[in-house]
Structures are given as C-alpha cells and as structure tokens.
S.K.: 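Below is a structure I'd like to ask you about.
Please read these numbers as outputs of a predicted model, since none were measured by experiment. Just so we're on the same page: letters track the sequence lines, and every chain starts at 1.
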Amino acid sequence: MPTPTAVRAAAAPPGTAAAPLHGLIGRWFDENARTLPWRDPGCSAWGIMVSEFMLQQTPVARVLPVWEEWLRRWPEPAALAAEPSGEALRAWGRLGYPRRALRLHAAATAIVERHEGEVPAGREELLALPGVGTYTAAAIASFAFELPETVVDTNIRRVHARAVTGNALPSPALTAAEFKLAEALMPEEDTKRWNAGVMELGALVCTARSPRCGECPLLDRCAWIAAGKPEPHYVPKGQAWAGTDRQVRGAMMAVLRKAEGPVPRSLLLGTVDLVHDGAEHAVEIAKLQALGASDEQLARSLDGLLADGLAENVPAGVRLPA
DNA sequence: AATTCGGGGCC
DNA sequence: GGCCCAGAATT
C-alpha cells in the first residue's frame with residue numbers, strides 16, 4: 001500500500017513521479033497492442049458494448065468469432081431488440097454465463113426505449129442498463145466515447161498491485177484503496193490510451209501465472225521486482241466445476257440451443273431413456289445424461305434456468321425464450 | 001463480504 | 001487437473 005504522499009505524487013501531471021508511467025506504457029501499447037476489431041476506430045459504440053459483455057470472464061480468443069457473428073447479424077441495438085431473447089441465447093453459443101446474453105438483449109431493448117437506439121455515453125445512464133456494472137460502464141465511456149473514466153479490471157488491478165504496490169496479486173475483491181490508486185494514476189490526457197494500455201500490459205506481459213518481466217516496460221521501476229517478487233498473500237480458491245449445478249445447467253442450455261423446438265421435460269430430467277432416433281440434439285442429451293446428476297439436481301437446475309429466464313415452459317416441453 | 005453463475009484452453 | 005479469464009447481481 002503506497003503512502004498518501006506517494007499516491008498524490010503519482011497523480012500529478014507531467015514532470016512528477018508518475019508521469020513516466022504514462023509514457024512508458026503508452027509507447028509500449030502503441031508498439032504491442034493486439035489488433036482487435038472492437039478497437040478499430042470505425043467500430044461503433046454498440047460494437048464496443050457487445051465486446052465488453054462478451055469479455056466479462058471470457059478470454060479474447062473465444063470471443064472473437066462470436067462477436068463477428070453478432071455484429072454482422074445485429075449491427076445496432078434495435079436489431080437485437082427486435083428479436084426474441086432466445087435468439088441471443090442461441091447465438092451466444094458456448095461463451096458461458098448465458099445470462100450475459102439475456103442482459104445484453106435487455107440492455108439493447110432499454111437503449112431503444114430510453115435512448116432512441118443509441119448507446120448512451122454517460123456513466124449513470126450506462127450503469128442503469130442491465131448487465132452493466134462499474135467496470136463495463138467505465139470501459140464503454142472510455143473506449144467508445146473517450147470520456148475520462150477510471151477503468152479497473154482484473155488486468156489493471158494486477159499491474160497496479162505489482163508495479164506500484166509491490167504485491168504478487170491484487171486482493172480477491174476490488175477495494176476502495178485500489179480504486180483510489182487507479183484514479184490517482186490516471187493521466188490528464190489520453191485516458192483511453194492509458195486505460196487500454198494498462199489493460200493490455202496485464203493481458204500480454206504482466207500475466208497472472210508466468211509474467212514476462214523481461215518484456216515489461218516497467219521492469220526498472222516495478223515495486224514487485226524491487227521487493228524480490230514476493231509470493232501472493234493468499235491462495236486463490238478455484239471455482240468448483242465438476243458436479244455443480246452450473247455444469248448441469250450448461251449441459252441443459254446446450255440441449256436447448258441445439259434443439260429446433262421444445263424439448264420434452266422428461267428428456268432433460270432423465271426420466272426416460274434417449275429413444276429419439278436421429279434427434280438433432282441427441283449428442284447434447286447424451287452429454288447431459290452422462291453427468292449422472294441426481295433427480296433432485298436435474299430438477300433444481302431446470303427450475304433455475306426457468307426462474308432466470310434462460311428457458312421457458314410450453315405445453316410440448318422446454319425451449320429457449322420466444 | 002460471500003455466493004452464484006459457463007466453459008475451455010493452457011501449464 | 002487446477003487455474004485463469006476486459007464481472008454482475010443477489011443475498
């Protein structure tokens with residue numbers, strides 16, 4: 001934790017302690033930034049917003065093809081809002097956390113209703129949209145509208161933790177002190193380049209597992225290096241996966257995405273064997289049944305999907321929302 | 001502050 | 001096989 005004096009010094013404009021950071025990271029970013037479609041100067045605010053939703057907890061490599069398809073199919077919020085949410089869920093594919101697709105669809109609807117179909121630029125208007133939290137609101141305001149918002153994501157937190165504070169990893173959850181530090185480090189100008197640059201440095205060099213310190217522009221002034229690369233203060237506890245409701249829900253969603261129409265409840269709940277000859281979603285059903293979930297877990301998971309609006313009941317069974 | 005919520009690729 | 005990834009919403 002830097003002293004208040006250090007933070008104030010870091011906050012000062014060119015000529016003081018933190019100014020070199022801006023130049024070092026800015027120049028590094030200019031040379032090393034990946035070419036990503038949502039960074040193209042011609043990319044719309046909507047395109048940037050879609051990317052931010054997809055990138056919540058999902059790596060860039062997996063987002064790219066889905067993002068391309070979405071923007072081709074729904075080039076503006078109104079196009080998505082005009083379709084049933086089930087289409088958004090189907091097109092979401094295997095990106096994970098499908099409630100994000102539901103919220104993005106709801107956000108597009110809200111944009112049509114409240115903002116004449118245009119992605120709003122203001123922080124408060126963005127925060128009021130479904131699925132937009134502090135990070136995403138700041139990211140859209142900064143990357144799409146070049147407003148001086150302080151963007152703090154997992155990459156940026158890690159770079160700050162190491163380079164400035166001297167810790168191997170940031171705390172498990174964003175703290176007020178971390179946000180204050182991020183605000184203090186913001187340059188007076190080129191805030192978009194700064195936000196994107198620190199994030200990119202965290203993604204490509206200052207990575208969580210095996211940081212490539214030899215390629216880092218901050219090597220000579222990294223507090224973590226100076227401290228001798230101390231180990232993390234805590235052990236991150238991994239997320240359980242095998243056997244969880246999330247795994248069962250995911251397998252059920254895969255069935256619903258693949259199916260053309262409603263899927264009989266008995267098939268999802270495993271109360272009947274797979275008797276459909278040539279059913280187009282037979283493989284997905286088999287994967288679901290292979291999980292060996294209990295009757296209670298199957299019922300609980302399906303109820304959860306219905307309660308969350310990820311699926312809906314019709315007389316013939318269960319399907320994606322129409 | 002702690003939980004829940006997907007899924008895949010890499011060390 | 002654990003770990004990580006441009007988080008948000010709920011409790």
S.K.: For residues A/Q56 and A/Y135, is any side-chain donor paired with an opposing acceptor at under 3.5 Å?
M.R.: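 Judged by distance alone, the side chains do not pair up.
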S.K.: Under 4.0 Å between any heavy atoms, over every strand shown, what does A/W38 touch: base, sugar-phosphate, or nothing? Just pick one.
M.R.: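 Base contact - A/W38 has a heavy atom under 4.0 Å of at least one base atom.
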S.K.: Figure out the CZ/C1' separation between A/F29 and C/dA6, and round it to whole Å.
M.R.: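 Checked: the CZ to C1' distance equals 12 Å.
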S.K.: Ignoring hydrogens and angles, state whether a donor on the side chain of A/R265 or A/N313 is under 3.5 Å from an acceptor on the partner side chain.
M.R.: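 Yes, A/N313 and A/R265 have a side-chain donor paired with an acceptor closer than 3.5 Å.
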S.K.: Output yes when at least one side-chain N/O atom of A/Q57 is less than 4.0 Å from OP1 or OP2 of C/dG7, else no.
M.R.: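 So the side chain of A/Q57 is within the cut-off, an N or O lying under 4.0 Å from OP1 or OP2 of C/dG7.
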S.K.: Report the residue (A/R209 or A/W241) whose heavy-atom-nearest nucleotide on DNA chain B is the more 5′ of the two.
M.R.: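 First, find each residue's nearest nucleotide; the 5'-ward one identifies A/W241.
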S.K.: With nearest nucleotides of DNA chain C determined for A/G131 and A/P59 from heavy-atom distances, which residue corresponds to the more 5′ nucleotide?
M.R.: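 With A/G131 and A/P59 compared, the 5'-side residue is A/P59.
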S.K.: Separation of A/L102 atom CG from C/dA9 atom C1', in whole Å?
M.R.: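 Going from CG in A/L102 over to C1' in C/dA9 covers 13 Å.
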S.K.: Mind checking the CZ-CG spacing from A/R62 to A/L55? Nearest 0.5 Å is all I need.
M.R.: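 Output value for this atom pair is 11.0 Å.
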S.K.: Whole angstroms only, please: what is the CZ-P distance between A/R62 and C/dC4?
M.R.: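 Atom CZ in A/R62 sits about 16 Å away from atom P in C/dC4.
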S.K.: What's A/L174 touching, base or sugar-phosphate or nothing? Going by heavy atoms closer than 4.0 Å.
M.R.: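 Here A/L174 touches no strand at all.
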S.K.: If I take atom CG in residue A/L64 and atom P in nucleotide C/dC5, what distance separates them, rounded to the nearest angstrom?
M.R.: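 To the nearest whole Å, that distance equals 17 Å.
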S.K.: Could you state the atom-to-atom distance from CG of A/L201 to P of C/dC5 in whole Å?
M.R.: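 The distance from CG of A/L201 to P of C/dC5 comes to 14 Å, rounded to the nearest Å.
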S.K.: Remember a base hit wins even if backbone is also touched, and classify A/T134 as base, sugar-phosphate or nothing at under 4.0 Å, heavy atoms.
M.R.: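 Counting heavy atoms under 4.0 Å across all strands, the contact made by A/T134 is with sugar-phosphate only.
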S.K.: Side-chain contact test, heavy atoms from C-beta onward, threshold under 4.5 Å: evaluate it for A/P262 versus A/V318 and give yes or no.
M.R.: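 Side chain of A/P262 against side chain of A/V318, heavy atoms only: no contact under 4.5 Å found.
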S.K.: If you measure from the P atom in C/dT11 to the same atom in B/dG6, how many Å do you get, rounded?
M.R.: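 Between the two P atoms, the distance is 16 Å.
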S.K.: If you measure from the Lys or Arg side-chain nitrogens to the Asp or Glu carboxylate oxygens, is any gap between A/E87 and A/R90 under 4.0 Å?
M.R.: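 Counted as a salt bridge, because a side-chain N and a carboxylate O are separated by less than 4.0 Å.
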S.K.: What's the CD-P distance between A/Q239 and C/dA8, to the nearest Å?
M.R.: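 One finds 15 Å between P of C/dA8 and CD of A/Q239, rounded.
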S.K.: So what does A/T154 hit on the nucleic acid, given a heavy-atom distance under 4.0 Å: a base, only sugar-phosphate, or nothing?
M.R.: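 Here A/T154 touches the backbone only, sparing every base.
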S.K.: Counting only non-hydrogen atoms, which of residues 135-152 of chain A are less than 4.0 Å from DNA chain C?
M.R.: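 Only A/Y135, A/T136 qualify.
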S.K.: Whole Å only: how far is the CZ atom of A/R158 from the P atom of C/dC4?
M.R.: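 Interatomic distance, CZ of A/R158 to P of C/dC4: 9 Å.
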S.K.: What is the nucleic acid contact for A/R300, judged by heavy atoms within less than 4.0 Å: base, sugar-phosphate only, or nothing?
M.R.: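 A/R300: no heavy atom of the nucleic acid under 4.0 Å.
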S.K.: Identify whether any heavy atom of A/G96 sits under 4.0 Å from a base atom; if not, whether one sits that close to sugar-phosphate; answer base, sugar-phosphate or nothing.
M.R.: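 Answer is base: heavy atoms of A/G96 come under 4.0 Å of a base.
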S.K.: A/L298 versus A/L288: any side-chain heavy-atom pair under 4.5 Å?
M.R.: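 Sidechains of A/L288 and A/L298: in contact.
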S.K.: When the P atoms of C/dA6 and B/dC5 are considered, how many whole Å apart are they?
M.R.: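 About 23 Å, rounded to a whole number of Å.
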S.K.: SG of A/C216 to CG of A/L204: how many Å apart, nearest 0.5 Å?
M.R.: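 Interatomic distance, A/C216 SG to A/L204 CG, rounded to 0.5 Å: 11.0 Å.
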S.K.: Quick check on the hydrophobic clustering: are A/W38 and A/I140 connected, directly or via other members, by side-chain heavy-atom contacts under 4.5 Å?
M.R.: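 Same cluster: A/W38 reaches A/I140 through Ile, Leu, Val, Met, Phe, Trp or Tyr contacts under 4.5 Å.
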S.K.: Under 4.0 Å, counting only non-hydrogen atoms across every strand here, what does A/R39 touch: a base, just sugar-phosphate, or nothing?
M.R.: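 A/R39: base contact, heavy atoms under 4.0 Å.
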S.K.: With a 4.5 Å limit on heavy-atom distance, are the side chains of A/T136 and A/L126 in contact?
M.R.: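 A/T136 vs A/L126: side chains apart.
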S.K.: From CG of A/D153 over to C1' of C/dA6, roughly how many Å is that when rounded to an integer?
M.R.: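 Rounded to whole Å, this separation is 5 Å.
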S.K.: Please work out whether the ring planes of A/W92 and A/W70 are parallel, tilted or perpendicular, with thresholds of 30° and 60°.
M.R.: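 Because their plane-to-plane angle is over 60°, the rings of A/W92 and A/W70 count as perpendicular.
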S.K.: Regarding A/L95, tell me which of base, sugar-phosphate or nothing describes its non-hydrogen contacts under 4.0 Å with the strands shown.
M.R.: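 Here A/L95 touches the bases of the nucleic acid.
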S.K.: If you walk 5' to 3' along DNA chain B, what is the first nucleotide with an atom under 4.0 Å of a heavy atom in chain A, and what is the last?
M.R.: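 Listing 5' to 3', DNA chain B meets chain A from B/dT3 to B/dC10.
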S.K.: Rounded to the nearest 0.5 Å, what separates atom CE in A/M252 from atom CG in A/L302?
M.R.: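 Result: 5.0 Å between the selected atoms.
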S.K.: Need to verify one output field. Residue with the more 5' nearest nucleotide on DNA chain C, A/P130 or A/L169?
M.R.: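 Result of the comparison: A/L169.
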